[in-house]
Protein chains: 2
Amino acid sequence: MIPTLAITNALSDRNRLRTFMALLTFDELCVCEITELLKIKPPTTSRHMTILSAAGLVQGRKEGRWVYYRACREVNQEDGASIIAWIQSRLATDPEIIADKSRLHHIIQATKTRKTCTPQRSAS
Amino acid sequence: MIPTLAITNALSDRNRLRTFMALLTFDELCVCEITELLKIKPPTTSRHMTILSAAGLVQGRKEGRWVYYRACREVNQEDGASIIAWIQSRLATDPEIIADKSRLHHIIQATKTRKTCTPQRSAS
DNA sequence: TCTATATTTAGCCAATCAACTAACTATAGA
DNA sequence: TCTATAGTTAGTTGATTGGCTAAATATAGA
């Protein structure tokens, strides 16, 4: 039961839900991009990612000074039932999520221009 | 986004998750039965049910002094994706949920014997 | 080696929350 | 009408949590 609670808990905060949705849309995001998206301070972002990671919802990798996170798409699928499918079906058309997606395009462009934290990336 | 957060929030408490699972198994339960299952005081049960109800996960009906709750099975289904299916696929075999189910059979029998809060009821 | 930068860890704070008790409201029965 | 019972509301308490700042750690570059 604890693992299920860890997931529901992780997804019961507005910023963490926005982060997870962003990661379902974009292949991979850097902590600094998530920080800029959410408009919070880096330590807070770090803490949120720790919670999502501990719940098995995301996975991070370090590259130099930068840490990039991806959504884990398989582990949350049980017998065809998926919390990801449920979340996306509910939030894909949410105004705030759509705005986030738009802003992230610009954030990503900006990081490319500055030539910082520029891993291979793609968006669906 | 608020309605989704209301659901994830509602399901991020252990006792509320147990309650929801119990209601997915048994057609309808009385507040006093849920209270006995969770081994908490009635005011706490009342508050939990208010949260689940506000999230649209359960629905209550009053009959005399007694309040009975049912799980809402349709409203949480979006384009075939269902949080109910996800929850059940993860928790159907959880030891604590199984123990709850067993205890509830006895609790229901006991309420029948005492001839209190005895609505029509069935279990899957 | 020193400086700059990104992220994490530690600690603090205000807000929130699950538990409780006490009181209240609603209902049933004598 | 009074008493008993079930559930809700109000208030309190200790624990938890999301935000922050400061400090620590890791990495890159000069």
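Note on naming: letters A, B, ... go to the chains in the order of the sequence lines (proteins, then strands), and numbering restarts at 1 for each one.
Every residue meeting the side chain to side chain donor-acceptor pair (under 3.5 Å) condition with A/T4, not counting sequence neighbours, appears here in chain and number order: B/R90. Applying the side chain to side chain donor-acceptor pair (under 3.5 Å) criterion to B/R103, with sequence neighbours excluded, gives no partner residue. A/R65 meets the salt bridge (charged side-chain N to carboxylate O under 4.0 Å, His left out) test with no other residue; sequence neighbours excluded. Every residue was checked against the side chain to side chain donor-acceptor pair (under 3.5 Å) condition with A/Q59, not counting sequence neighbours, and none meets it.
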Contacts table for residues 43-51 of chain B: side-chain donor-acceptor under 3.5 angstrom, sequence neighbours left out:
{"residue": "B/T45", "atom": "OG1", "partner": "B/T35", "partner atom": "OG1", "Å": "2.9"}
{"residue": "B/H48", "atom": "ND1", "partner": "B/R16", "partner atom": "NH1", "Å": "3.0"}
{"residue": "B/T50", "atom": "OG1", "partner": "B/S46", "partner atom": "O", "Å": "2.9"}

For residues 17-24 of chain B, please give each side-chain donor-acceptor pair under 3.5 Å, one per line with the distance, not counting sequence neighbours.
{"residue": "B/R18", "atom": "NE", "partner": "B/D100", "partner atom": "OD2", "Å": "2.8"}
{"residue": "B/R18", "atom": "NH1", "partner": "B/N15", "partner atom": "OD1", "Å": "3.1"}
{"residue": "B/R18", "atom": "NH2", "partner": "B/D100", "partner atom": "OD1", "Å": "2.9"}
{"residue": "B/T19", "atom": "OG1", "partner": "B/N15", "partner atom": "O", "Å": "2.7"}

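The separation between A/L29 atom CG and C/dA6 atom P is 16 Å, rounded to whole Å. When the C1' atom of D/dA6 is taken as reference, atom CD1 of B/I34 falls 13 Å away, rounded to whole Å. Going from atom CG of B/L38 over to atom C1' of C/dC20 covers 15 Å, rounded to whole Å. With rounding to whole Å, B/L5 atom CG is found 12 Å from D/dG18 atom P.
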For nucleotides 25-30 of chain C, list the nitrogen or oxygen atoms of the protein found under 3.5 Å from its nitrogen or oxygen atoms, one pair per line.
{"residue": "C/dA28", "atom": "O4'", "partner": "B/R65", "partner atom": "NE", "Å": "3.4"}
{"residue": "C/dA28", "atom": "O4'", "partner": "B/R65", "partner atom": "NH2", "Å": "3.4"}

Could you list all N or O pairs between the protein and nucleotides 14-18 of chain C that sit under 3.5 Å apart?
{"residue": "C/dA18", "atom": "OP1", "partner": "B/R16", "partner atom": "NH1", "Å": "3.2"}
{"residue": "C/dA18", "atom": "OP1", "partner": "B/R16", "partner atom": "NH2", "Å": "3.0"}

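Here the side chain of A/S89 pairs a donor or acceptor atom with the backbone of A/W86 at under 3.5 angstrom.
Among the nucleotides D/dT8, C/dT7, D/dC20, the one closest to the side chain of A/I40 is D/dC20.
If B/M49 and A/K39 are placed on DNA chain D by their nearest nucleotide, the residue sitting closer to the 5' end is B/M49.
The side chain of A/K41 places an N or O atom within less than 4.0 Å of a non-bridging phosphate oxygen (OP1 or OP2) of D/dT21.
Here the closest heavy-atom approach between residue A/K101 and residue A/F26 is recorded as O-CZ, 3.7 Å.
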